[in-house]
Amino acid sequence: MIAGLDYATSGKIFIDGEDVTKLPANLRDVTMVFQSYALFPHMNVFDNVAYGLKVARLKADLTRSKVEDILETVGLSGLSQRAIRALSGGQQQRVALARALVMQPKVLLFDEPLSNLDAKLRKRVRSEIRELQQSLGLTSIYVTHDQEEALAISDTVVVMNQGNVEQIGSPHELYTKPANRFVADFIGSASFLKGHYDGKRLDIGGYQLDYQQDISQGEVIAMLRPEAVTFSPDDGGLEATLIDSAYLGSMTDYLFDSPVGQINAHMFGEGLSLYHKGDKVHLAFKQTGLYLLKP
């Protein structure tokens with residue numbers, strides 16, 4: 001709807017104070033980077049990037065200057081005559097980005113542009129997109145189902161569920177203070193435990209800790225991020241049994257079974273040899289990474 005490719009059934013869309021709700025796509029100062037890149041395979045890099053400028057009937061010398069400048073900006077200098085098929089996935093993504101940026105739009109739309117890239121390349125390119133967006137000062141709307149990508153690249157995140165807006169806020173707000181269980185579960189990983197809160201202390205399965213949050217007293221759901229869980233063989237916490245673990249290099253991912261349900265925990269910088277399936281441990285929870293939700 002923002003791009004003008006579909007009609008709004010209600011509400012209005014404003015760009016820089018102008019109502020564009022009924023404007024056709026070609027009259028909106030908006031460009032889009034598509035999930036599939038939508039590059040022209042029969043054109044080289046230069047012609048793909050220059051396409052919009054040629055449609056706008058810009059002079060040839062100005063078009064060449066703009067294309068060369070934007071190719072340098074996205075790190076593709078010297079590749080202007082390269083065939084699209086001869087480029088890597090990351091390079092093709094940059095061509096699609098250059099084609100959108102060269103039009104200097106008021107709004108730049110991204111439709112899951114990194115979903116076709118491998119994990120390592122995806123991280124690198126998302127950083128480049130963020131850096132470009134900041135340096136050029138472009139308003140950008142970025143659609144993604146990758147929670148880590150949303151947190152890493154955004155100033156403001158809008159979490160939607162079946163067409164409804166669940167929460168709007170900064171990445172930090174959504175991660176630490178989700179509005180409901182859907183947001184908590186969608187942004188990052190978390191365990192959800194039934195507990196009782198009296199305004200000063202939180203009781204989870206008999207394990208009690210001092211805690212303060214502006215929420216109604218009584219039955220609550222405690223959202224627990226995996227980095228907020230500490231554990232040891234000593235007494236003094238919620239008793240649990242290790243049921244699974246996975247070594248991930250920089251950390252080990254543990255899954256415990258407890259009287260109040262399964263609990264996910266991360267241990268950083270330690271190998272798998274410390275704990276094994278079936279081991280009994282006692283869990284404790286840090287206040288950072290713990291947040292109470294209404295049941």
In terms of side-chain geometry, is the basic nitrogen of E148 or R126 positioned less than 4.0 Å from the acidic oxygen of its partner?
yes

Where does the angle between the aromatic ring planes of Y254 and F256 fall among parallel (under 30°), tilted (30 to 60°) and perpendicular (over 60°)?
parallel

Examine the side chains of N44 and Q81 and answer whether a donor and an acceptor come within less than 3.5 Å of each other.
yes

Residue that, paired with E128, satisfies side-chain hydrogen bond (donor to acceptor under 3.5 Å, both in side chains) out of Q93, Q133, R94
R94

Return yes if a side-chain donor-acceptor contact under 3.5 Å exists between D203 and Q208, otherwise no.
yes

Once you round to the nearest 0.5 Å, how far does CD1 of I2 lie from CD1 of I13?
6.0 Å

Distance flag, aromatic centroids of Y275 and F231, threshold under 6.0 Å:
yes

OG of S140 to CD of Q134: how many Å apart, nearest 0.5 Å?
9.0 Å

Hey, does I153 have a side-chain heavy atom less than 4.5 Å from the side chain of Y142?
yes

I'd like to know if K286 and E227 make a salt bridge, using a cut-off of under 4.0 Å between side-chain N and carboxylate O.
no

Relative to the ring of F182, is the ring of F186 parallel (under 30°), tilted (30 to 60°) or perpendicular (over 60°)?
parallel

Would D155 and R130 pass as an ion pair if we require N to O under 4.0 Å?
yes

Looking at T21, is its backbone amide N or carbonyl O close enough to the side chain of R28 to form a donor-acceptor pair, meaning the two atoms are under 3.5 Å apart?
yes

Quick check, are the ring centers of Y211 and F285 under 6.0 angstrom apart?
no

